[in-house]
Amino acid sequence: MNRRRRRFRIWEWLCVLTANEGRCVYCNEASQAMDHVIPFAEGGADELCNLVPVCRACNRSKGGKTPVEWLIGMDLRTRWYGKGTAQKCDVRGVSLRDMYMSVHAEVLQLLDDLDTVAAEIADPKRRAWFIWATYWNYPDREWGPSHFRQLFADRIDEAKAAGWPDRRPTYLRK
């Protein structure tokens with residue numbers, strides 16, 4: 001079955017890119033893109049609940065992998081010399097099992113961080129603020145997400161400090 005990726009509206013881009021203090025969930029650099037936690041190509045949802053803010057470098061590096069596959073793969077690529085076996089030690093006295101166990105705690109922390117950011121993006125008050133206080137149209141080449149992020153930066157900071165005030169018209173409020 002062929003699925004098509006959908007286009008995200010400006011409010012959706014801003015809602016995701018400004019989560020996690022506007023930082024990449026993987027490396028803590030400034031976020032510039034949205035990443036599907038469960039890759040879209042692997043059946044992951046093309047919805048806000050499956051998106052997190054990332055920098056372009058991490059987004060390219062992660063590609064179509066899950067965060068767990070990506071983190072473990074990066075760790076093993078940088079530390080495993082390819083000598084020995086899974087049970088026997090490499091030249092430094094470390095087995096593949098030892099290496100995995102050392103990265104296991106990092107993986108669990110990353111999963112906790114992803115849950116925290118997903119909860120921030122899903123926060124109903126926060127999401128409603130972005131829906132009612134920003135634009136509903138789609139970004140384009142001239143006016144992309146980074147333009148609107150700069151345009152709304154002060155308002156987003158103020159709204160966050162104020163606890164995401166209700167921006168709906170008064171006739172829609174209960």
Side-chain angles (χ1 to χ4, degrees), residues 1-82 85-86 96-124 126-131 134-153 156:
M1 177 174 89
N2 266 346
R3 298 185 317 151
R4 287 187 63 158
R5 302 238 347 236
R6 71 183 189 89
R7 289 180 64 199
F8 291 95
R9 296 180 184 276
I10 291 165
W11 76 264
E12 293 170 307
W13 275 97
L14 293 173
C15 187
V16 173
L17 290 179
T18 60
N20 195 42
E21 302 294 330
R23 314 301 296 169
C24 173
V25 295
Y26 304 126
C27 73
N28 211 32
E29 291 294 320
S31 63
Q32 303 155 313
M34 298 189 297
D35 178 54
H36 290 83
V37 175
I38 305 302
F40 182 75
E42 298 297 322
D46 204 17
E47 300 295 331
L48 294 185
C49 61
N50 189 38
L51 295 169
V52 292
V54 294
C55 69
R56 284 189 184 95
C58 287
N59 198 30
R60 273 192 301 273
S61 174
K62 180 179 167 278
K65 300 176 193 82
T66 68
V68 173
E69 293 168 325
W70 178 66
L71 184 62
I72 291 173
M74 277 194 339
D75 185 71
L76 293 179
R77 268 194 311 278
T78 59
R79 295 194 304 146
W80 181 253
Y81 293 104
T85 68
L96 187 58
R97 179 181 307 277
D98 296 335
M99 283 189 202
Y100 170 76
M101 291 309 291
S102 71
V103 77
H104 183 74
E106 290 177 52
V107 168
L108 293 176
Q109 182 60 56
L110 174 61
L111 293 173
D112 287 344
D113 294 346
L114 290 169
D115 286 345
T116 300
V117 173
E120 180 183 358
I121 293 168
D123 177 349
R126 184 178 187 276
R127 190 176 288 195
W129 187 89
F130 279 98
I131 290 170
T134 63
Y135 298 131
W136 269 71
N137 52 335
Y138 297 98
D140 57 33
R141 289 183 190 268
E142 186 177 343
W143 303 100
S146 59
H147 167 78
F148 290 102
R149 189 173 180 178
Q150 286 179 317
L151 181 68
F152 284 97
I156 292 169

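The model shown is predicted, which means the values in this text are computed figures rather than measured ones. Heavy atoms only: backbone and side chains are in, while hydrogens, waters and symmetry mates are out.
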Criterion side chain to side chain contact (heavy atoms under 4.5 Å, CB included) on Y26 and V52, from CA distance to verdict: CA-CA 10 Å; Y26 304 126; V52 292; 4.1 Å; yes
Crowding at CZ, R6 (>12 non-hydrogen neighbours, <6.0 Å): yes
Ring geometry between W143 and F148 (parallel below 30°, tilted from 30 to 60°, perpendicular above 60°): tilted
Value rounded to 0.5 Å, distance of CD in E106 from CG in L71: 5.5 Å
Considering all heavy atoms, the nearest E12-R9 contact: OE1-N, 2.7 Å
Check: V25 and D113 side chains under 4.5 Å, non-hydrogen atoms: no
Approximate separation, where rounding is to 0.5 Å, of W13 CH2 and T134 OG1: 14.0 Å
Point-to-point distance, once rounded to the nearest 0.5 Å, from CG of L111 to OG1 of T116: 11.0 Å
Student check: side-chain heavy atoms of F8 and L14 closer than 4.5 Å: no
Any donor-acceptor pair under 3.5 Å from E42 side chain to P39 backbone: no
Residue pair F152, F130: steps toward the ring pair (Phe, Tyr, Trp, His ring centres under 6.0 Å) verdict: CA-CA 10 Å; F152 284 97; F130 279 98; 8.6 Å; no
From CD (E47) to CD1 (I121), nearest 0.5 Å: 12.5 Å
Among N59, N50, D46, side chain to side chain donor-acceptor pair (under 3.5 Å) partner for H36: D46
Atom of M74, atom of S61 and distance for their closest heavy-atom approach: SD-OG, 4.1 Å
Distance-minimising heavy-atom pair for V103 and I72: CG1-CG1, 4.0 Å
Rounded distance (nearest 0.5 Å) linking atom CG of L110 with atom CG of D115: 9.5 Å
Qualifying residue, where the test is salt bridge (Lys or Arg N to Asp or Glu O under 4.0 Å) with E120 and the options are R126, R23, R127: R126
Minimum side-chain heavy-atom gap T18-P53 below 4.5 Å: no
Gap between atom SG of C24 and atom CZ of R56 - 0.5 Å precision: 12.0 Å
Check: Q32 and S146 side chains under 4.5 Å, non-hydrogen atoms: no
Any donor-acceptor pair under 3.5 Å from W136 side chain to I131 backbone: yes
Heavy-atom side-chain proximity of P145 to L17 below 4.5 angstrom: yes
Under 3.5 Å donor-acceptor, S31 side chain and G22 backbone: yes
